[in-house]
Protein chains: 2
Amino acid sequence: MRPELLKGHLDVLLLAIISEGPAHGYAIIDELRHRSEEAFALPEGTVYPALHRLEEAGFVSSTTSRVDGRSRRTYALTGDGRQALAERRREWSTFKGAINAVLGEQP
Amino acid sequence: MRPELLKGHLDVLLLAIISEGPAHGYAIIDELRHRSEEAFALPEGTVYPALHRLEEAGFVSSTTSRVDGRSRRTYALTGDGRQALAERRREWSTFKGAINAVLGEQP
DNA sequence: CCTCATACCTAGTTAGTCTAGGTATTGTCC
DNA sequence: GGACAATACCTAGACTAACTAGGTATGAGG
């Protein structure tokens, strides 16, 4: 799948996963790959900066810890993040409907 | 709707509309806006270059004419374009399914 | 010891949409 | 007649977000 397709859609995926419970970057990458059945096998260079942007925007907060000797940054959804997720879900719904309408597919 | 969302998805929309019969740029913009119920109200600066890329890629061919004193460039789908459209439709289907799977929505 | 998996990071590239301008014709309203 | 909207095309440069390709470090298995 061409990488451009994901542009602008990654945030809602990350927020959705984090909304189900705090998670760290590497685990989020795994989760994305599995749930999408390998469709979203994203490089770290895509996901880490995206998480940083979400934190910058105040949609997630992070805490660092050490697990089995490895440093780990765990993300949790903020109140603003929950709002943003709801809005991004609606946005996805609109986008999907609009594309389907143009392609003449049933919703 | 944020403009980034469209990235990589415009081609399939243009190919789908042109596949229903030859059309010119301005009419395609109108058609997109109406079918998507204003969700895709795209500026000319988005659509014209996209059509040029599709022609460059060999997916559409164009002929110029003059209608009511105005010059007009009409696009038609090529054989390669028909193949590309089929592939892009499958790609959209995969993408949509993958996002829905991550968001936990029913297809 | 070497490789793989885990776990984080960032600078620079790339690609595609948008902004903001341009040209030209026709029709409408005052 | 003059201003303006609608039709119809075009392009250079800005912007943004995902990717490439590198880096660091630990632990486990062969």
Side-chain angles (χ1 to χ4, degrees), chain A residues 1-15 22-34 36 39-57 59-60 62-75 84 88 91 95 98-99, chain B residues 1-15 22-34 36 39-57 59-60 62-75 88 91 95 98-99 102:
Chain A
M1 193 161 49
R2 287 169 305 125
E4 309 91 77
L5 294 184
L6 192 61
K7 274 200 189 168
H9 298 278
L10 179 55
D11 290 7
V12 72
L13 301 179
L14 299 178
L15 291 172
H24 65 286
Y26 205 81
I28 292 172
I29 290 172
D30 264 8
E31 188 69 12
L32 263 174
R33 196 176 60 248
H34 291 136
S36 71
F40 300 136
L42 306 182
E44 303 174 11
T46 293
V47 176
Y48 287 123
L51 288 170
H52 298 163
R53 279 197 301 273
L54 289 177
E55 185 163 26
E56 183 96 15
F59 297 153
V60 300
S62 75
T63 52
T64 52
S65 59
R66 205 145 242 280
V67 178
D68 295 329
R70 294 188 190 88
S71 74
R72 179 178 282 188
R73 182 177 294 275
T74 302
Y75 293 92
R88 294 298 167 89
E91 194 180 44
F95 179 79
I99 298 260
Chain B
M1 196 161 46
R2 287 169 305 126
E4 310 91 77
L5 295 184
L6 191 60
K7 273 194 193 174
H9 298 278
L10 179 56
D11 289 8
V12 72
L13 301 179
L14 299 179
L15 291 173
H24 65 285
Y26 205 82
I28 292 171
I29 290 172
D30 264 7
E31 187 70 13
L32 263 174
R33 195 175 62 246
H34 291 135
S36 70
F40 299 136
L42 306 183
E44 302 173 13
T46 294
V47 176
Y48 288 123
L51 288 169
H52 297 164
R53 281 197 300 274
L54 290 177
E55 185 163 26
E56 184 96 15
F59 297 152
V60 299
S62 75
T63 51
T64 52
S65 60
R66 205 146 241 279
V67 179
D68 293 331
R70 293 188 189 90
S71 75
R72 179 179 282 189
R73 182 178 293 275
T74 302
Y75 293 92
R88 294 299 168 88
E91 195 180 44
F95 179 80
I99 298 261
V102 174

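Owing to the predicted nature of the structure, the values given are computational and were not obtained by experimental measurement. We name chains A, B, ... by the order of the sequence lines, and we start the count at 1 in each one.
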With a non-hydrogen cut-off below 4.0 angstrom, is G69(B) in contact with a base, only sugar-phosphate, or nothing?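 Sugar-phosphate, no base atom in range.
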Which nucleotide in the set [options] lies at the smallest distance from any side-chain heavy atom of [X]?
X      : options                   : answer
K7(B)  : dA18(D), dT20(D), dG16(C) : dG16(C)
L42(A) : dC10(D), dC18(C), dC19(D) : dC19(D)
S71(B) : dA15(C), dC9(D), dT17(C)  : dC9(D)
H52(A) : dC18(C), dT16(D), dC9(C)  : dC9(C)
R73(B) : dA7(C), dA18(D), dC10(D)  : dC10(D)
A50(A) : dT16(D), dC10(D), dA18(D) : dA18(D)
R72(A) : dC8(C), dT17(C), dG16(C)  : dC8(C)
T46(A) : dA18(D), dT10(C), dT11(D) : dA18(D)

Could you walk me through whether V60(B) and L15(B) pass side-chain contact (heavy atoms from CB on, under 4.5 Å), step by step? CA-CA 8 Å; V60(B) 299; L15(B) 291 173; 4.1 Å; yes
What is the distance, to the nearest angstrom, from the [atom1] atom on [X] to the [atom2] atom on [N]?
X      : N       : atom1 : atom2 : value
L32(A) : dA18(D) : CG    : P     : 12 Å
Y26(B) : dA8(D)  : OH    : P     : 7 Å
L5(B)  : dA17(D) : CG    : P     : 10 Å
H9(A)  : dG16(C) : NE2   : P     : 14 Å
I29(B) : dC18(C) : CD1   : P     : 11 Å
L6(B)  : dC18(C) : CG    : C1'   : 11 Å
H24(B) : dA24(C) : NE2   : P     : 20 Å
Y48(A) : dT10(C) : OH    : P     : 11 Å

For the pair R2(A) (side chain) and G8(B) (backbone), establish whether a donor and an acceptor sit closer than 3.5 Å, ignoring hydrogens and angles.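 Pair found, side chain donor or acceptor close to backbone of G8(B).
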Side-chain contact, heavy-atom cut-off 4.5 Å: H24(A) with R70(A)?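 With C-beta onward as the side chain, the pair stays apart.
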If you define the side chain from C-beta out and look only at heavy atoms, does anything of F59(B) sit under 4.5 Å from R53(B)?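 They are not in contact (no side-chain heavy atoms under 4.5 Å apart), so the answer is no.
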Given that R70(A) and V47(A) both sit by DNA chain D, which one's nearest nucleotide is further toward the 5' end?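 Nearest nucleotide further toward 5': that of V47(A).
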Hey, which of these two, R66(A) or Y75(B), hits DNA chain D nearer its 5' end, going by closest nucleotide?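 The residue closer to the strand's 5' end, by nearest nucleotide, is Y75(B).
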Using 0.5 Å steps for rounding, measure from the CG atom of D11(A) to the CG atom of L5(B).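 Between atom CG of D11(A) and atom CG of L5(B) there are 9.5 Å.
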5′-ward residue of the pair G25(A)/R53(B) relative to DNA chain C: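 The answer here is G25(A).
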